[in-house]
2 protein chains.
Amino acid sequence: MKNETIHIAIVEDDNEIRQTLTLIIDGTEGFSCKYAFPDGESAMASIENLPIDVVLMDIDLPGKSGIEVTRNLKKTCPELDFIMLTVQSDDDSIFESLCVGASGYLLKDTNPADLLVHIKEVYEGGSPMSSQIARRIINSFRIIDNPLSERETEVLKLLSHGMNYKEVANDIFLSPHTVKTHIKNIYSKLHVNSRAEAIYKAIKQKLI
Amino acid sequence: MKNETIHIAIVEDDNEIRQTLTLIIDGTEGFSCKYAFPDGESAMASIENLPIDVVLMDIDLPGKSGIEVTRNLKKTCPELDFIMLTVQSDDDSIFESLCVGASGYLLKDTNPADLLVHIKEVYEGGSPMSSQIARRIINSFRIIDNPLSERETEVLKLLSHGMNYKEVANDIFLSPHTVKTHIKNIYSKLHVNSRAEAIYKAIKQKLI
DNA sequence: CTTGAAATACCCCAAACGAGCGATTGACTC
DNA sequence: GAGTCAATCGCTCGTTTGGGGTATTTCAAG
């Protein structure tokens with residue numbers, strides 16, 4: 001268990017929320033919050049040179065959104081952890097946040113005690129999020145349903161690695177003609193008519 | 001807040017753990033645990049006809065793994081929620097579990113009180129998981145880095161929808177020659193030499 | 001100021017591809 | 001025992017693709 005002080009910065013446009021959070025965090029043993037910014041631009045100008053561990057980032061900022069700001073800061077400070085704060089969760093902003101490198105995603109009505117716990121979790125390598133948000137994320141992993149046979153899936157996987165008819169045929173000991181037939185069947189099952197689209201659809205549907 | 005009793009089944013090969021969990025859960029107000037199975041086969045034979053809301057599924061079962069069992073049961077009972085239990089978390093089994101439809105993923109050393117809370121969360125549509133596990137999942141969303149220019153990305157996206165040179169060219173008002181040049185540059189940047197592999201790599205690296 | 005990347009456009013050519021045909025075998029279902 | 005489907009093998013033909021070049025403009029970074 002680490003016992004050092006965790007250094008936190010806040011990016012939040014609402015003055016009241018920002019000041020309240022700052023006071024709560026900075027007033028708690030083990031937490032320090034000396035930097036708070038009302039917008040993304042000022043945060044981006046300063047944060048990379050500050051001794052910060054975790055950033056609390058509002059998503060709905062004036063000017064550049066918290067997601068944009070996080071994307072930029074993650075480039076220059078990859079080890080910095082970001083916890084996104086938002087009033088309401090919508091799927092798009094959750095996924096965008098995760099894609100740009102956020103470590104946690106919390107609703108603004110999270111109570112202060114929990115917030116501090118979550119900051120600590122992030123600092124220790126975790127990713128706090130409500131179980132409702134987690135459910136949305138893992139739902140994106142579900143496989144819808146797989147119309148392809150085993151052999152077809154095998155062929156498609158090899159195609160996705162850039163092999164052509166002959167190479168696939170050699171790899172799985174078939175005639176190139178058979179491979180071609182499989183591919184034709186794959187196309188018809190996926191309702192596509194090119195390799196590119198087949199692979200795109202197959203990946204999106206988690207078939208390969 | 002729902003107040004009905006939550007009906008639970010357990011699949012766990014260790015007799016002691018199974019019996020302990022059953023007693024704890026069944027002995028708690030609002031929870032019922034009348035079914036427990038020592039292996040996947042017996043679970044698969046019975047569960048689909050039982051009045052169950054949530055299944056606690058051990059991953060390391062003798063015979064078929066808990067992941068396999070979950071995959072099968074999710075097909076016949078899509079509304080059933082599964083919480084995977086495991087002694088130690090490795091990335092592969094986490095992702096496999098999520099892909100086959102698990103709703104939660106918990107370590108076996110989770111204390112009983114928390115376990116009950118997590119069962120309730122799943123029942124109410126959440127997906128409990130430790131923040132360490134959540135971190136691993138969201139890390140899979142990170143974009144590594146994007147060598148492609150905007151125009152190239154645009155072209156690659158259109159290619160992934162099955163368009164050929166000419167169609168792409170028409171779509172973005174370019175000469176087919178230019179499209180071809182872009183594609184050649186894409187291939188060289190991604191170190192591939194076919195459309196199929198380019199799309200595969202691009203999706204895996206979240207470029208499109 | 002110049003080097004480089006990005007975006008644009010063009011040419012040739014051999015190899016690969018997709019569409020359209022047909023066919024046999026074995027397994028599983030109704 | 002008729003029918004379906006996966007898996008295997010085969011052919012032709014016209015189109016598309018990928019690799020090899022070359023060249024201009026623009027715009028940002030060094």
Side-chain angles (χ1 to χ4, degrees), chain A residues 44-45 48 68 71-72 75-76 143 145-203 205 207-208, chain B residues 44 71-72 75-76 143-203 205 207-208:
Chain A
M44 285 196 284
E48 56 179 308
E68 268 309 311
R71 189 204 313 279
N72 285 323
K75 280 183 196 160
T76 48
I143 294 167
D145 115 304
N146 190 343
L148 302 182
S149 72
E150 272 191 41
R151 202 55 154 170
E152 286 160 354
T153 305
E154 199 182 358
V155 170
L156 194 52
K157 267 186 195 158
L158 297 175
L159 287 183
S160 75
H161 295 317
M163 291 186 182
N164 61 24
Y165 291 152
K166 284 181 200 163
E167 287 165 340
V168 172
N170 282 331
D171 203 81
I172 56 179
F173 308 108
L174 284 182
S175 145
H177 298 291
T178 307
V179 173
K180 214 170 176 174
T181 307
H182 282 312
I183 294 174
K184 279 191 282 200
N185 291 332
I186 292 169
Y187 291 175
S188 116
K189 285 183 180 178
L190 297 184
H191 307 294
V192 301
N193 43 25
S194 78
R195 198 159 296 202
E197 207 180 356
I199 286 166
Y200 180 79
K201 275 208 177 184
I203 298 178
Q205 293 173 34
L207 308 183
I208 55 173
Chain B
M44 285 196 284
R71 190 203 312 279
N72 285 321
K75 279 184 196 157
T76 47
I143 294 167
I144 299 97
D145 111 309
N146 189 343
L148 303 182
S149 72
E150 271 190 40
R151 200 54 155 172
E152 286 160 355
T153 306
E154 200 181 356
V155 169
L156 193 53
K157 268 185 196 161
L158 296 176
L159 288 183
S160 75
H161 297 316
M163 292 186 181
N164 61 22
Y165 290 152
K166 284 181 200 165
E167 287 164 341
V168 173
N170 283 330
D171 204 80
I172 56 178
F173 308 107
L174 285 180
S175 145
H177 298 291
T178 308
V179 174
K180 198 168 183 178
T181 307
H182 283 312
I183 294 175
K184 278 193 280 198
N185 291 333
I186 292 169
Y187 290 176
S188 117
K189 285 183 180 178
L190 297 183
H191 308 294
V192 301
N193 43 26
S194 77
R195 197 158 299 197
E197 208 180 355
I199 286 165
Y200 181 80
K201 274 206 177 185
I203 297 178
Q205 292 174 34
L207 309 182
I208 57 173

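Residue numbering restarts at 1 for every chain, and letters A, B, ... go by the order of the sequence lines.
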[X] has an atom [atom1]; how far is it from atom [atom2] of [N], in whole Å?
X       : N       : atom1 : atom2 : value
N185(B) : dA5(C)  : CG    : C1'   : 10 Å
E167(B) : dT15(D) : CD    : C1'   : 12 Å
E150(B) : dT26(D) : CD    : P     : 19 Å
L158(B) : dT16(D) : CG    : C1'   : 17 Å
E197(B) : dA16(C) : CD    : P     : 15 Å
N164(B) : dG18(C) : CG    : C1'   : 12 Å
R151(A) : dA27(C) : CZ    : P     : 16 Å
K166(B) : dT17(D) : NZ    : C1'   : 12 Å

Give [X] one of three labels, base, sugar-phosphate or nothing, depending on what nucleic acid heavy atoms sit under 4.0 Å from its own.
X       : answer
K180(A) : base
T181(A) : base
Y165(B) : base
K184(B) : base

5' precedence on DNA chain D between K189(A) and V179(A) (nearest-nucleotide basis): K189(A)

R195(B) to Y200(A) six-membered ring, cation-pi geometry met (6.0 Å, 45°): no

Steps toward side-chain contact (heavy atoms from CB on, under 4.5 Å) verdict (E152(A), N185(A)): CA-CA 8 Å; E152(A) 286 160 354; N185(A) 291 332; 3.6 Å; yes

From CA spacing to verdict: salt bridge (charged side-chain N to carboxylate O under 4.0 Å, His left out), R151(B), E154(B): CA-CA 5 Å; R151(B) 200 54 155 172; E154(B) 200 181 356; 2.9 Å; yes

Test side-chain contact (heavy atoms from CB on, under 4.5 Å) applied to L190(A) and L156(A), step by step: CA-CA 11 Å; L190(A) 297 184; L156(A) 194 52; 4.3 Å; yes

Would you say a side-chain N or O of [X] is under 4.0 Å from OP1 or OP2 of [N]?
X       : N       : result
S175(B) : dC10(C) : yes
T178(B) : dT8(C)  : no
H177(B) : dC11(C) : yes

From CG (L158(A)) to CG (D171(A)), nearest 0.5 Å: 5.0 Å

